[in-house]
Amino acid sequence: MAVTILFLGPLRDLAGGASRDVAAPLDWSGLLDNVGEDLADVLKGERIHVALSGKVLIDKAALYAADGDEVALLPPVSGG
Amino acid sequence: MAVTILFLGPLRDLAGGASRDVAAPLDWSGLLDNVGEDLADVLKGERIHVALSGKVLIDKAALYAADGDEVALLPPVSGG
Amino acid sequence: MRDIRLVAEPFDPNAEIDALAMATPDAGGIASFVGKVRCGEGVEALELSHYEPLTLPGMEALAASAEARFALDGLVVIHRVGAMEPGENIVLVSAAARHRRDAIEAVDFCMDHLKSAAWFWKRENRAGEWHWIEPRAEDHSDLARWADKSH
Amino acid sequence: MRDIRLVAEPFDPNAEIDALAMATPDAGGIASFVGKVRCGEGVEALELSHYEPLTLPGMEALAASAEARFALDGLVVIHRVGAMEPGENIVLVSAAARHRRDAIEAVDFCMDHLKSAAWFWKRENRAGEWHWIEPRAEDHSDLARWADKSH
């Protein structure tokens, strides 16, 4: 099994896809390594939230995803 | 012809009718004399407004109604 | 688009709101309030009296004031008069605007003024007896909110 | 009565408001807001994406918060997701309450939170190109109003 990373909203365009499966376990630095430097810079910004299996993390740097977990990367929501 | 006095809302019950025709011309003291002491006391209160032919008077004591005019006595409007 | 009416018969808020929506295709939203005669409080009938030469012009002036204060694409104000039964609609205010807060605030503004500054007198029939409804202090404090605001 | 839904197909606000009215006979009024895709600005399509495990629970929590803050008889929040065309409805918030200001404020409160604190991402298609819609500063200031108030 693996960890599924979901790229929500505009992050989908930056990642070149809506989701990606990566090897478990996955921590925050492993995730940043996986997505490439440009996207990693975006994800480090304070406006990007991270949810692990449906719960938003208070401290995204504390991410630790195991086999079968879903990691959702959440950009700021749209107004308008 | 005459002046028509309209009793709006709860004033209708106090006056015993929705309207009354009285001889023209009619000023404020003439109106108070006409309606009787109990209703006159109510009409003197600051919460009662008076309209002459569709215009609310700023000073009701300045009322002067001629033949064919309509004088509307307006109690406070209902909330709720 | 402005549609301000006193009606003596039941009216259909959905049809009125749909007509407003049709007339304002560029609006991003429509806010509405429908007030009705409450059921279940022993009220058998409600009667709303008005004074035609003041009531409708007052509603028109209120609409003009709302249009001046908020950026609206359209405004509908319909008020029932006469006798009505529990469950029947008394009033509809519906505002279409480009931005939602203009629409919502316009409805709030118009309702506050209709409740405490429009020429209507209400009485309720309970157990066969008619009772006049007095002004409510709460309505006056609601109305006073608008005097404090520049917007 | 609480009805909170995400829907992937067009919905009929009138039918939803009527159902709320039927379920709340004691309410004195119903306030509603319907937001739609604007016509006439070159937008050919709008797409709303969400994240199911957060979006619907977030809407439920918002409804619970509105019910705690305002005296409501019923609350309906319906939000469309997926692709939609100009003129189609995006969102309905409808609140039934004994007193009008609770109903109107509940709608205002829910809309402010749906606009800037709910997990939705929007993009618009203009002239064949998709453009993501950014957060608006105005939406955040609208939301901040509720933090200042005890009520």
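All values below come from the heavy atoms of this structure, side chains included, with hydrogens, waters and symmetry mates left out. Here is how names work: the chains are called A, B, and so on, in the same order as the sequence lines, proteins then strands, and each is numbered from 1.
Considering CG of D/Asp142 and CZ of C/Arg100, their distance stands at 5.0 Å, rounded to 0.5 Å.
Residues forming a side chain to side chain contact (heavy atoms under 4.5 Å, CB included) with C/Arg98 (at least two apart in sequence, or on another chain): D/Arg38, D/Glu41.
Along residues 11-18 of chain D, the residues that come nearer than 4.5 angstrom to chain C, judged on non-hydrogen atoms, are D/Asn14, D/Asp18 in order of number. For a heavy-atom cut-off of 4.5 Å, chain D lies close to no residue in residues 80-94 of chain C. Contacts between residues 22-33 of chain D and chain C, counted as heavy-atom pairs separated by less than 4.5 Å, involve D/Thr24, D/Pro25, D/Asp26, D/Ala27, D/Gly28, D/Gly29, D/Ile30, D/Ala31, D/Ser32, D/Phe33.
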Run the side chain to side chain contact (heavy atoms under 4.5 Å, CB included) check on D/Arg101 and C/Arg145 step by step: do they pass?
CA-CA 12 Å; D/Arg101 305 225 56 244; C/Arg145 295 182 304 137; 2.7 Å; yes
